[in-house]
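Worksheet: the structure to be examined is printed underneath.
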Amino acid sequence: MTKIPFVNEAGGNVASFTKKLGTPVSRRSLLKLGSFGIAAAAGSSMLAGCTTGSSSGGSSKTITVMVSQSPTAPEGQKRILDLMRQKFEAAHPGNTVKFDVVQLGSAVSNAVINTAATKEGPDIFEVGPQVLPTGAATGVFTALTDSEWSDLGGKDRYLASVLAVTGKDNKDHVAIPYYASTMAMYYNKKMFADAGISGAPTTWNDFIETGQKLSDASGGKFAVGDAAGEPSHPWHVIWLLTTQLGGQLISADGRTAQLNSPEALQGISFWLDWISKHKIVNQKDATNTSAQQIQQFVNKQNAMFPCGFTQAISSMPGTPVEKEWALAGNPTVPYGQQNLPSGAKPVQSYLGGATWAISKFSKNRDLALGLAKIMGDPDVQQLTWKEVGGLPTTNETFTKHPETRTGDWKVIYDAAVSAQATPWSPSFGQVSPLLAAAVKPSFSELAANGKYNTDTLKAQLDTANEKLKAALNSEKR
């Protein structure tokens, strides 16, 4: 059975919470909502037993880490957490660690909001980089001191690009990198070779030409798989295409909503045209989820899909494509262009993954730092890579375990090194549900009749942008 990929980034955390509310959430609102955030997700008992600074008698202390359960490899995740617990207890005799594993990814970011209101909660939160601005805005996440970074092994212990996303403007870093995840192109190299195609496309023109060569719409054969029905997927594709065209979803200073910019509209229209114009995606697949997309790929129903995350790698072993699949970077040259504009840098992915943020209200900060240091050890990082498909973030891991950045993983490593940070904004988590809602009518139209209405799309983007603008304006106050 194909596993569902585990993706820990914007869209599954604050985004899910704000989507439930149905309205934008400002910083002021985040603080007001704290007391019921966890209850809304999973009941008021979620934080039972994980009050910050819990003790187990005498001088013994227990620190608590709240993490989201891996849907692809829960047993593998347990082995990782067990290894960290054993190493921590050996290094800190008499003390222990509790990993509070929750099934809803949104529960972790909801717990951040709850902690802001109650000043109680886990010692450490495991969250995606896009959630860090929210935690910082609520005051739960605070910048680590130079002394604390020294205790962790120094900032240069970590991949520079990964460290950069843990603080605004690569300063005042509020979290410790755990693992990285990036987008890439998954393709079937045998199907490519059988069609006389030498390699994965590097421009979006090539992508369309390759897709058309491998498709036969009249015969029901389509080269490209899609996952527009996955709530967190649309913003991944839209971010990539918009950024490559020189646009942004939120301005770099985090103040201006740009969901309806010309670049965003152009990028989204190109994506929709994979079905309506270029006929490389089956219109029946217009509302597919990520699990369906991967299932079709491993069953050889499609030859490629772009914007797939690192964790999909764990879905390939034991399938018909086990020896046929490969990874490549996403195309970087916008459709209709032969080369990047002069001075433009190629963009393949933003940086996702997981970070550890220590709560400002932890009474055991030194012990939490000790565990965070262990989390970066090569044996822990390599096991995380093996079990859940997370790219290591500590440089010594790549030296000791070179397999973590060779072969297909070199594509992921290279993408992580050059990945761009998303704007540092507490409202960025709302980009995902707003864009998912904006494009849903267009993909529903495509599923029904293979066409979409541009005016409807523009109106939906305008509405989404107004909602994001309201959130950003509230955030400034």
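Source: prediction; values computed, not measured.
N288 places a side-chain heavy atom less than 4.5 Å from the side chain of Q296. For the pair D123/S359, no side-chain contact is recorded, criterion being any heavy-atom separation below 4.5 Å from C-beta on. Counting heavy atoms from C-beta outward, Q301 and N282 have side chains that stay 4.5 Å or more apart. You'll find the side chain of I358 reaches within 4.5 Å of the side chain of I176, heavy atoms only. For the pair V431 and L468, the minimum side-chain heavy-atom distance is below 4.5 Å.
Using a distance-only test at 3.5 Å, with no hydrogens or angles considered, a donor-acceptor pair links the side chain of T166 to the main chain of L163. Judged purely by atom type and a 3.5 angstrom limit, N453 uses its side chain to pair as donor or acceptor with the backbone of D455. The backbone N or O of Q248 sits nowhere less than 3.5 Å from a side-chain atom of E263 that would complete a donor-acceptor pair. Judged purely by atom type and a 3.5 angstrom limit, Q460 has no side-chain atom pairing as donor or acceptor with the backbone of L457. Not a single donor-acceptor pair under 3.5 Å links the side chain of S215 to the backbone N or O of A217. When atom types are taken as modelled, the side chain of N330 and the backbone of C307 share a donor-acceptor pair closer than 3.5 angstrom. Q77 contributes a side-chain N or O that, together with a main-chain N or O of S68, makes up a donor-acceptor pair within less than 3.5 Å. At distances below 3.5 Å, at least one donor-acceptor pair connects side-chain atoms of N465 with backbone N or O atoms of Q258. Looking at Q420, its side chain never comes within 3.5 Å of a backbone N or O of S349 through a donor-acceptor pair. Looking only at distances, no side-chain donor or acceptor of K300 sits under 3.5 Å from a matching main-chain atom of F297.
Between atom CD of residue Q348 and atom OG1 of residue T202 there is a gap of 10.0 Å, rounded to the nearest 0.5 Å. Note that the OG1 atom of T355 and the CZ atom of F141 stand 7.0 Å from one another [nearest 0.5 Å].
The two atoms that bring P234 and V439 nearest to each other are CB-CG2, 4.0 Å, heavy atoms only. Of all the heavy atoms in K467 and L434, the pair that sits closest is CD-CD2, 3.7 Å. Smallest separation of non-hydrogen atoms from F192 and A200: CE2-CA, 4.0 Å. Shown here for V333 and Q338, the closest heavy-atom pair between the two residues is CG1-C, 3.8 Å.
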Run the side-chain contact (heavy atoms from CB on, under 4.5 Å) test on F309 and T182 for me, step by step, so that the C-alpha distance in whole Å, both residues' side-chain angles and the decisive distance to 0.1 Å come before the verdict. CA-CA 6 Å; F309 269 89; T182 63; 5.7 Å; no
Check the pair W235, Y350 against ring-ring contact (aromatic ring centres under 6.0 Å, His included), reporting the backbone distance first and the verdict last. CA-CA 11 Å; W235 93 268; Y350 73 89; 4.5 Å; yes
ring-ring contact (aromatic ring centres under 6.0 Å, His included) evaluation trace for H278 with Y335: CA-CA 12 Å; H278 303 299; Y335 184 67; 5.3 Å; yes
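A side-chain contact (heavy atoms from CB on, under 4.5 Å) with Q130 is found for exactly one of L351, T422, V165, namely T422. Of the options Y413, Y179, Y178, W409, a ring-ring contact (aromatic ring centres under 6.0 Å, His included) to W385 is made by W409 and by none of the others. Among Y452, F222, F207, the one residue that satisfies the ring-ring contact (aromatic ring centres under 6.0 Å, His included) test with W274 is F207.
Using modelled atom types and a 3.5 Å distance limit, the side chains of D253 and S251 yield a donor-acceptor pair. A donor-acceptor contact closer than 3.5 angstrom links the side chains of D226 and W271.
Ionic pairing of D462 and K458 is not present here: no N-O contact between side-chain nitrogen and carboxylate oxygen is shorter than 4.0 angstrom. With salt bridges taken as basic N to acidic carboxylate O contacts below 4.0 Å, one links K469 and E466.
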